[in-house]
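Following: one structure in structure tokens, then a few remarks.
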Amino acid sequence: MLIIQSCKNDYKSILEINKYSKIPSSVTENFKLVYTDSSVIKAILNSPLNVDYTNQAFPYAEFPQGLNIMFYEKNNNTTNVSANYGIVYYKTKIVSLKGDVLIQSADGSKIKSSQIYWDPEQEWLFTEKDINFSSDEYEISANKLDADRSFKLLKTGQLNGNFLFDDN
């Protein structure tokens with residue numbers, strides 16, 4: 001009986017094995033990403049650790065030690081977003097932020113929650129977790145959020161809080 005066996009270097013097979021073994025394609029410490037459009041800085045993302053799983057069938061990237069994103073807007077205004085954990089799902093283009101999520105706009109208004117999802121293409125925020133809106137004029141709690149980035153289109157669950165308004 002004669003057995004013939006050969007070994008060959010098959011890079012595609014190695015990639016297939018890694019897809020199922022959850023080995024990250026890269027791990028980056030002190031991660032900084034600067035997003036620009038026509039040479040204008042639109043956002044800067046900083047994180048102590050980025051773990052990239054773009055080699056998976058459903059590619060994603062994690063920020064297991066938290067993240068901070070500074071969005072630059074017109075008139076040099078900024079919106080700051082921070083969370084204890086973040087994950088970006090590349091196929092659905094959804095970002096999940098968890099743990100002490102804080103969104104603070106240039107006018108000083110804040111949104112706090114334990115989890116917020118963000119769709120960057122639609123510029124849409126949503127969650128089924130409790131949220132807290134606050135500014136100099138109001139402090140509102142609600143049990144869910146569904147809003148565009150400017151909060152002009154806003155849906156919430158049951159509201160509780162204090163409002164200041166003019167009676168015209």
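Relative orientation of the Tyr89 and Tyr60 rings is tilted, given thresholds of 30° and 60° on the angle between their planes.
Shown here is Asp100, whose CG atom has no more than 12 heavy atoms of other residues, nucleotides or ligands within 6.0 Å. Within 6.0 Å of CZ on Phe126 lie more than 12 heavy atoms contributed by other residues, nucleotides or ligands. At most 12 non-hydrogen atoms from other residues, nucleotides or ligands lie less than 6.0 angstrom from CG of Asn76.
Considering every non-hydrogen atom in both Lys91 and Ala57, the closest pair reads NZ-O, 2.9 Å. Nearest heavy-atom pair across Ile131 and Lys144 is CD1-O, 3.6 Å. Across Gly86 and Leu67, no two heavy atoms sit closer than the pair CA-CD2, 3.5 Å. Minimum interatomic distance between Met70 and Asn80 (heavy atoms only, all atoms of both residues): CE-OD1, 3.8 Å. Shown here for Glu62 and Tyr53, the closest heavy-atom pair between the two residues is OE1-CE1, 3.5 Å. Across all non-hydrogen atoms, the minimal contact from Lys32 to Asn46 is CG-OD1, 3.3 Å.
Taking hydrophobic clusters as Ile, Leu, Val, Met, Phe, Trp and Tyr residues chained together by side-chain heavy-atom distances below 4.5 Å, Tyr90 does not share a cluster with Val51. Hydrophobic clustering (ILVMFWY, side-chain heavy atoms < 4.5 Å, transitive): Leu102 and Tyr72 are in distinct clusters. When the side chains of ILVMFWY residues are joined at heavy-atom separations under 4.5 Å, either directly or via intervening members, Tyr85 and Leu49 end up in a single hydrophobic cluster. Tyr35 and Val81 are members of different hydrophobic clusters when ILVMFWY side chains are connected at heavy-atom separations under 4.5 Å. When hydrophobic clusters are built by joining Ile, Leu, Val, Met, Phe, Trp and Tyr residues whose side-chain heavy atoms come closer than 4.5 Å, directly or via intermediates, Ile94 is grouped together with Trp124.
In this structure, NZ in Lys93 is found 9.5 Å from CG in Asp119, a value given to the nearest 0.5 Å. Here the CG-CG distance, from Asn68 to Leu45, works out to 8.0 Å after rounding to the nearest 0.5 Å. Distance CD1/Ile111 to CG/Asn132: 9.5 Å, rounded to 0.5 Å. To the nearest 0.5 Å, atom OG1 of residue Thr28 and atom CG of residue Asp52 are 7.5 Å apart. Taking OG from Ser96 and CD1 from Ile87, the interatomic distance works out to 7.0 Å, rounded to the nearest 0.5 Å. The OG atom of Ser114 lies 10.5 Å from the CG atom of Asn84; values are rounded to the nearest 0.5 Å.
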For this session: Could you walk me through whether Lys42 and Thr36 pass side-chain contact (heavy atoms from CB on, under 4.5 Å), step by step?
Result: CA-CA 5 Å; Lys42 297 292 185 177; Thr36 61; 6.0 Å; no
For this session: Could you walk me through whether Leu125 and Ile103 pass the side-chain contact (heavy atoms from CB on, under 4.5 Å) test, one step at a time?
Result: CA-CA 11 Å; Leu125 301 165; Ile103 302 171; 4.1 Å; yes
Exercise. Going through the distances and angles, do Phe31 and Phe63 end up as a ring pair (Phe, Tyr, Trp, His ring centres under 6.0 Å)?
Worked result: CA-CA 9 Å; Phe31 182 84; Phe63 299 91; 5.7 Å; yes
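Of the N and O atoms on the side chains of Glu73 and Thr79, at least one donor lies less than 3.5 Å from an acceptor on the other residue. No hydrogens or angles considered: nothing links the side chains of Asp130 and Asn143 as a donor-acceptor pair under 3.5 Å.
Distance alone, capped at 3.5 Å, is enough to place a donor-acceptor pair between the Thr127 side chain and the Lys129 backbone.
Residues Leu97 and Tyr117 form no side-chain contact, since every pair of their non-hydrogen atoms from C-beta on lies 4.5 Å or further apart.
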